[in-house]
Amino acid sequence: MDREPYSAKLGGPTGIYPYTVKVERYLEDLREYFHDRKLVEYMLSRGENPLIYVVYEISRESEGEFNVGCTIIYPGKVGDEYYFTKGHFHLKEPTSEVYIGISGEGVILMQDRSGNVAAEEIKPGTIVYIPPGLAHRSINTGKTDLVFLAIYPSDAGHDYETIRRSGFAKLVVERNGKPTIIDNPNYRG
Ligand code: M6P
Ligand code: ZN
């Protein structure tokens, strides 16, 4: 129920507990997002459909409230590209978000509508501030689960469509065994 105080626990298999919403994203949900689409289709045709990430969230609805969510991105790659979240702009443009790293290691890409990208590390104890107007995607560049908390206005809304069509201008891939940020040759900004 909205406008009721609560307290929840950090940690455990769901990152936060209790939660009100669970979202699972499998490879087939991200088939238009990974840069090697041929490989994605090949994997899916062989029945390989790994779980890429899960979000456990305490969701509210009204203006003035916050959603508090925990995202767990599993370790892995599709070809050379590390597992990531879809990424989104907020439907309500002047809304920001805060990420707090809990465990694992990764990167967050933040992109404006002109395709300018900023990248920050997400590690245990890191606080990342995402200002209004920037799309955000997080990427697990490590060998363990990447777990982080996200706190954002409950009425922010998710615009997935823009990123689904354009992609991010940068990709995070493995080069010589290391996570490397490269230009996305297929970016359609
Ligand atoms: C964070 C927040 C959520 C978001 C989730 C997964 O927890 O930003 O709002 O839903 O990451 O990211 P996406 O929705 O882009 O798949
Ligand atoms: Zn967001």
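Along the sequence shown, residues are numbered consecutively beginning with 1. Remember, it's 1-based here, ligands and their atoms both numbered in the order they're listed.
Atom numbering of ligand 1 starts at 1 in the shown order; those under 4.0 Å from a heavy atom of Y99 are 1 (C), 2 (C), 8 (O), 11 (O). In summary, the atoms of ligand 1 found under 4.0 Å from a heavy atom of Y53, numbered by their order in the structure, are 6 (C), 13 (P), 16 (O). Applying the 4.0 Å criterion to heavy atoms of A150 picks out, from ligand 1, the atoms 1 (C), 2 (C), 7 (O). Near V55, the atoms of ligand 1 lying under 4.0 angstrom from a non-hydrogen atom of the residue are 5 (C), 6 (C).
The environment of E121 atom CD is sparse: at most 12 non-hydrogen atoms of other residues, nucleotides or ligands sit within 6.0 angstrom. More than 12 heavy atoms of other residues, nucleotides or ligands lie within 6.0 Å of CD in E97, so this atom counts as buried by the packing criterion.
The atom of H136 that is an N, O or S and sits closest to the Zn ion (ligand 2) is NE2. Summary: OE1 is the N/O/S atom of E97 found nearest to the Zn ion (ligand 2).
Taking the six-membered ring for Trp and the full ring otherwise, the centers of H136 and F168 sit at least 6.0 Å from each other. Taking the six-membered ring for Trp and the full ring otherwise, the centers of Y17 and Y56 sit at least 6.0 Å from each other.
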Practice problem: Go through the steps for I163 and H88 under the test side chain to side chain contact (heavy atoms under 4.5 Å, CB included), then give the verdict. | Solution: CA-CA 6 Å; I163 292 298; H88 58 270; 5.7 Å; no

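Looking only at protein heavy atoms, the nearest one to atom 7 (O) of ligand 1 is T71 OG1, 2.6 Å. The protein atom (non-hydrogen) at minimum distance from atom 10 (O) of ligand 1 is H158 NE2, 3.4 Å. Nearest protein heavy-atom contact of atom 12 (O) of ligand 1 is T85 CB, 3.6 Å. Scanning the protein for heavy atoms near atom 14 (O) of ligand 1, the closest one is Y160 OH, 2.5 Å.
Residue contacts with ligand 1: G87 is included, with a non-hydrogen atom under 4.0 Å away.
Stacking of R25 on the aromatic ring of Y160 is recorded, both the 6.0 Å distance cut-off and the 45° axial limit being met. Geometric assessment of R60 against the ring of F66 yields a negative cation-pi assignment under the 6.0 Å and 45° thresholds.
When heavy-atom distances to ligand 1 are checked against a 4.0 Å cut-off, E97 comes that close only through its side chain, counted from C-beta outward.
Taking 2.8 Å as the threshold, H158 does not count as a candidate ligand of the Zn ion (ligand 2), since none of its N, O or S atoms lies below it.
Tested against F84, the residues F34, Y33, Y74 include a single ring pair (Phe, Tyr, Trp, His ring centres under 6.0 Å) partner, F34.
Looking only at atom types and distance, the side chain of N140 has no donor-acceptor partner in the side chain of Y83 under 3.5 Å away.
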